[in-house]
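As C-alpha cells, the structure follows; a few thoughts come after it.
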There are 2 protein chains.
Amino acid sequence: MSEKKIPYKIYLEEHEMPKKWYNLRADMKNKPAPLLNPGTLKPMTADELAPVFCKDLILQELDDTTPYFDIPTEIQDFYKMYRPAPLVRAYCLEKHLQTPAKIYYKFEGNNTSGSHKLNSAIAQAYYAKKQGLKGVTTETGAGQWGTALSMACSYFDLDCKVYMVKVSYEQKPFRREVMRTYGASVTPSPSTETNVGRKILEQFPGTSGSLGCAISEAVEVATTSEGYRYVLGSVLNQVLLHQSVIGLETKAALDKYNITPDIIIGCAGGGSNLGGLIAPFMGEKLRGEKDYRFIAVEPASCPSLTRGKYAYDFCDTGMVCPLAKMYTLGSSYIPAPNHAGGLRYHGMSSTLSQLYDDGLMEAVSVTQTDVFKAAEEFARVEGILPAPESSHAIKVAIDEALKCKDNGEEKTIVFGLTGTGYFDMMAYEKFHDGKMENYIPTDDEIAKSLEKLPVIPNI
Amino acid sequence: MSEKKIPYKIYLEEHEMPKKWYNLRADMKNKPAPLLNPGTLKPMTADELAPVFCKDLILQELDDTTPYFDIPTEIQDFYKMYRPAPLVRAYCLEKHLQTPAKIYYKFEGNNTSGSHKLNSAIAQAYYAKKQGLKGVTTETGAGQWGTALSMACSYFDLDCKVYMVKVSYEQKPFRREVMRTYGASVTPSPSTETNVGRKILEQFPGTSGSLGCAISEAVEVATTSEGYRYVLGSVLNQVLLHQSVIGLETKAALDKYNITPDIIIGCAGGGSNLGGLIAPFMGEKLRGEKDYRFIAVEPASCPSLTRGKYAYDFCDTGMVCPLAKMYTLGSSYIPAPNHAGGLRYHGMSSTLSQLYDDGLMEAVSVTQTDVFKAAEEFARVEGILPAPESSHAIKVAIDEALKCKDNGEEKTIVFGLTGTGYFDMMAYEKFHDGKMENYIPTDDEIAKSLEKLPVIPNI
C-alpha cells in the first residue's frame, strides 16, 4: 500500500511518449467488417481506394493484423510540440461531488486546434506529403477537424481545401479565421464549385448544409483534381490507429502510478476519440489480461449506438463513399440542431460498432441540457471550459461518480476530455439564457430513415 | 560540454513548482516611488487603501523590503490545476528562421482564461475570501482579466462584478459568456449603475467606454457596497509579486538544463507579465550575480515607455485612483483602436518604470501589422495561435533571432507567450483581409496629453 502521491497532472517525459501506434483490430477476434464498393458490393481493394486516399493510409486502413505501426520521426517531432497531453486527476471535481471515486481525465484540448483531431491530421498530412501530393481536401462541421488539418498542412506545406457545413461557416466565423491563419481555403458547403454541391443546391435551395454533403463535395474535388486526395477526421480505421496515441499515453501515465481504471468513458460521434482512448485497454480485455467497463456517450439527438441498426450503410449523405458496416441511423438521417457538432454523425466507426455488437462496450445517450449543466459544473471546479462534445463524457463520468457515492465504492474513472469550448460560446449563451432545447427523435423517425439503408446480399 | 538533450517542452514536476513569490522590489536600490493620495499628495497609507483593496494585498502592495512571500497552500493547489506552464524550446521557429539563436518561450495560455492573468486573480480572490468579503469588483477590456477573475471567484465562491468596456462587451460576446459560465455578472461600461457611469454618459452620450472609465465604476461599486473590494489585474506591485511565479518557473526550468538566457523579452501593457517574467533574473542582475538584456515591447500606438514621461499620474481616466509614478502618456491619453486590448494602457507599473529609468531594461515599440505578421508566422510553425498582446514579444524575439543569424551569434532568447488569440479572430480577420491599420501618435498628440499631468511638488 505504498501509494505514490498522485499529482494534479501526470505528464509523461518526452522519452516516454509512444513511438508506435496500436492497431486494436489486430487483437479482435471478430474483425470489423470491410468497406464495400457500393457498385460491386465487394470489399474495397487498395487499388479502388487509391484515387481517394493516400497510399500509406490505405495500407493502414486495410491492415487488421499488424498490432503496431511505427510513428514516423517527423510525426513524433510534431507530437512533441503539443503532446504529451496531461492526464489530470480531478481532485476538485471529486471534492465537489463528495464522491469516493477517483476521477481522471485525459485532456486533449491544449493545442490550437482545440481538440484531439490534430493527432490524426498531422499523420494524414505527413503521408500525403510523403506521396508527393499537392494538397488534400476535407469537410468540417464544428471546425475542429478543419482547424487541425489546416495546422498540419501548414506544417508540411501542403494545400488544404476545407468544405465547411454552411451553417457552421456562418455561425462560426472565428473558426474559419483560425483556418485562414493557417493558410487553408475554406468554402461553405454546399457550394457551386462541385457537381454534387450544385445538384444539392438545386434540390434544396437555401439549405444550410450537412456534414454528409460536405464530405461528398470534398471527395469530388479530391478525385477530380491532380495531386489531391481526400482525408477524413473520424470513423475510419486509420484515424482510430493514429488516435491510439491518446490511449497509449493515458495507459503509460496510469502505469507510472500503478493506477488501474475500472471505467473508461468517452464521447462518441464517429468514434475517433473513444476508439483511440480505449484502444490499449480494450486490447488487454480482448487478450484476457484485464477487464474494464467501457462507456460510449452519444447525444440523445443522434443515438447511433443506442438506437441505430448494425448494418452496411453509406458513410456520407451524398452516397459517394464506400459502404461501411456500422451502427447507423441511416445516411439520410439529419440530426437535429445540436451544439455538439462533432457528434452529429449518423454512423459510427466499424471497429467500435463491432466491439459494441460483441458486448465488449456499453453505450448511453444523454440530452443536451444535461450535458451543458455538467459542462458548467465541470468548468467551475476544474477550471477548463469544455467543448460540448467532450461534455458528454463529463456528464456520464459525473453520473458514475455519484453512483460510487451512493454505493460507497472507490472506483477509478477515466474519461476523455477531447477539447475546449472557446468557439462554442453561442451554445453556452443559449444554455445560460434558458433557450436551449432538447431533441429526441421518435422511433418512427429513426425507422423511416433506416428504411433507406442499402440492401446488401449476404457476402 | 555534456549537454542534456533539451526537450520541446520543459515541465517542472509538481514538487519543483515555486512555493514562494519573489518580491523584486526588495533587491532594488532605487525603490519604485510610492502611490500618492491625490488629495494630500502624501504616500498612501494602509488605512487609506483599506476601503478599496483587501488587507493582505495592501501589505504586499506596500512592502518593498521582504524578498519572498509564501504562496498559501490553497493557491498552490489551484496553481497545480493549470500550472506548471511549459517552457517551450521553439525548435520549429529556429529552423524556420534558420537562426543559430536558441529560442524559448514560457507559454501561459494553457488555461481557460487564456492568459497569465489567472496567476494573480486566484491570489486576489483568495485574500478576499480570507478577509470574509462577499465579493470583488473589477474592470476588463479585452476580457482576459475578467475571465481569470471569474474563474478564481467561482473557485472560492465569491461574487464577481465585472465592468467591461462597452465596445468589448459588444464585440466580444463570447468572452462575456465565458465569464457568465463562471457565474460572474458582466456590465457594459459606462453603465447607469454608478454615479461616475451616469456622469460620463451625460457628458459623452453614446460613448463606447474605456478602461479608465470602467476602473472608475468598479472602484465606486467596491467602495460603496458592503463586503466588496476592488481588484486590479496589472500595474500594481502586488500583481507583479504574484506574477513572479512565471519567472520563477522559467528560471527553474532553465536551471534544470543549465541554460542561461542572454535576452529576455516580454510584452508590456501595465507590466504584469513582463514584471513577473523577468523578476528573478532581474534580481540576479541587481545583486550583481549575472547580467541579462531585458526588452519590454509595447505597441507603437501606446508607447508609454518609449515615448512617455516618467512622472506621477492617475492610474485611471476617471482620476479616482491614487497617483503612481510611472512612464505615462497622460491619463487622458486615449489609445487608438489597437487589437491588443491588454496593452492599451496609458501608464506602466511603477517597478518597471523605475528599472527602465535606471537603465536596467530596454524598451521598443512595434506596429500592429508587423505584430500580426509575426503572430501568423509563429502560429504556422509553432502551432500555437498567439494573442495579439503576446505577439508583440514574438515580433521582437524574431527580430533578435534574425540579428543573431546576421552576426552568427548563438544567443539564447527567452520570451513570454502570455496567452492565446481564440477570442481575437476579428483582429486576425482584419489582418487577413488587409484591412488592419497602423496608428502612431504624433509628438504633438503625446505632448498635449502630457500637459494635463497632475502637478506634484517635490516631496
Side-chain angles (χ1 to χ4, degrees), chain A residues 5 7-9 11 13-15 77-84 86 88 90-92 107 109-114 118 147 150-152 154-155 157 173-178 180-183 372 375-376 379-386 420-429 431-433, chain B residues 5 7-11 13-15 77-84 86 88-92 107 109-114 118 147 150-152 154-155 173-178 180-183 375-376 379-386 420-429 431-433:
Chain A
K5 159 100 179 76
Y8 279 68
K9 295 194 257 61
Y11 279 108
E13 302 278 325
E14 205 168 81
H15 66 85
D77 281 347
F78 188 87
Y79 279 169
K80 286 175 194 164
M81 289 213 295
Y82 72 99
R83 308 196 68 80
V88 185
Y91 281 117
C92 296
F107 181 41
N110 270 351
N111 70 73
T112 286
S113 82
L118 195 53
T147 309
S150 307
M151 291 175 68
S154 156
Y155 185 76
D157 199 20
F174 295 171
R175 269 279 181 214
R176 186 182 77 207
E177 285 309 317
V178 180
R180 283 180 76 197
T181 301
Y182 286 96
F372 273 82
E376 188 163 283
R380 291 190 181 187
V381 294
E382 285 290 320
I384 295 169
L385 186 85
T420 49
Y422 305 127
F423 293 98
D424 299 287
M425 294 321 295
M426 273 169 75
Y428 273 93
E429 185 172 12
F431 175 69
H432 295 149
D433 294 342
Chain B
K5 160 101 179 74
Y8 279 67
K9 294 193 256 69
I10 308 178
Y11 278 109
E13 302 278 326
E14 206 167 81
H15 66 86
D77 282 347
F78 189 87
Y79 280 169
K80 286 175 194 164
M81 289 211 296
Y82 72 98
R83 307 196 68 81
V88 186
R89 172 75 182 265
Y91 281 118
C92 296
F107 181 41
N110 270 351
N111 70 72
T112 286
S113 82
L118 196 52
T147 309
S150 308
M151 291 174 67
S154 155
Y155 185 75
F174 295 172
R175 270 279 181 213
R176 186 182 74 208
E177 285 309 316
V178 180
R180 284 179 77 196
T181 301
Y182 286 97
E376 189 163 283
R380 289 190 182 187
V381 294
E382 284 290 318
I384 294 169
L385 185 85
T420 49
Y422 305 126
F423 293 98
D424 299 287
M425 294 321 295
M426 272 169 75
Y428 273 93
E429 184 171 13
F431 174 70
H432 295 148
D433 294 343

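The figures that follow rest on heavy atoms only: side chains count, while hydrogens, waters and symmetry mates do not. Convention: sequence-line order gives letters A, B, ...; per-chain numbering from 1.
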So, the part of B:Asp424 with a heavy atom under 4.5 Å from chain A: the answer is neither
Quick check for you: among B:Gly114, B:Ala90, B:Ser154, which has the greatest number of heavy-atom pairs under 4.5 Å with chain A?
B:Ser154
Heavy-atom cut-off 4.5 Å, strictly under: side chain, backbone, both or neither for B:Phe423 against chain A?
side chain
Check each atom of A:Thr420 against the heavy atoms of chain B and say whether the ones under 4.5 Å are side chain, backbone, both or neither.
neither
Are the side chains of B:Pro86 and A:Tyr11 in contact, using a 4.5 Å heavy-atom criterion?
no
A:Asp433 and B:Arg180: which non-hydrogen atoms are nearest, and at how many Å?
OD1-NH2, 2.8 Å
Heavy-atom pair count under 4.5 Å with chain A, highest-scoring of B:Glu13, B:His432, B:His15
B:His432
Minimum heavy-atom separation for A:Leu385 and B:Tyr182, please, with both atom names.
N-OH, 3.8 Å
With side chains defined as the heavy atoms from C-beta onward, is the minimum distance between A:Tyr8 and B:Asp77 less than 4.5 Å?
yes
Heavy-atom pair of closest approach, residues B:Thr181 and A:Arg380
O-NE, 2.7 Å
Check whether B:Arg89 gets within reach of chain A through its side chain, its backbone, both or neither, counting any heavy atom under 4.5 Å.
neither
Heavy-atom distances under 4.5 Å only: say whether A:Pro84 touches chain B with side chain, backbone, both or neither.
both
When every non-hydrogen atom of B:Met151 is compared with those of A:Gly383, the smallest separation belongs to CE-O, 3.0 Å
So which atom in B:Glu429 and which in A:Arg176 form the shortest heavy-atom distance, rounded to 0.1 Å?
OE2-NH2, 3.3 Å
Report the option among B:Glu376, B:Arg175, B:Glu14 that has the most heavy-atom pairs separated by less than 4.5 Å from atoms of chain A.
B:Glu14
Does the side chain of B:Tyr422 reach to within under 4.5 Å of the side chain of A:Phe174, using non-hydrogen atoms?
no
Which region of A:Val381, side chain (C-beta onward) or backbone (N, CA, C, O), has a non-hydrogen atom less than 4.5 Å from a non-hydrogen atom of chain B, or is it both or neither?
backbone
What part of B:Asn111 gets closer than 4.5 Å to chain A, counting heavy atoms only: side chain, backbone, both or neither?
backbone
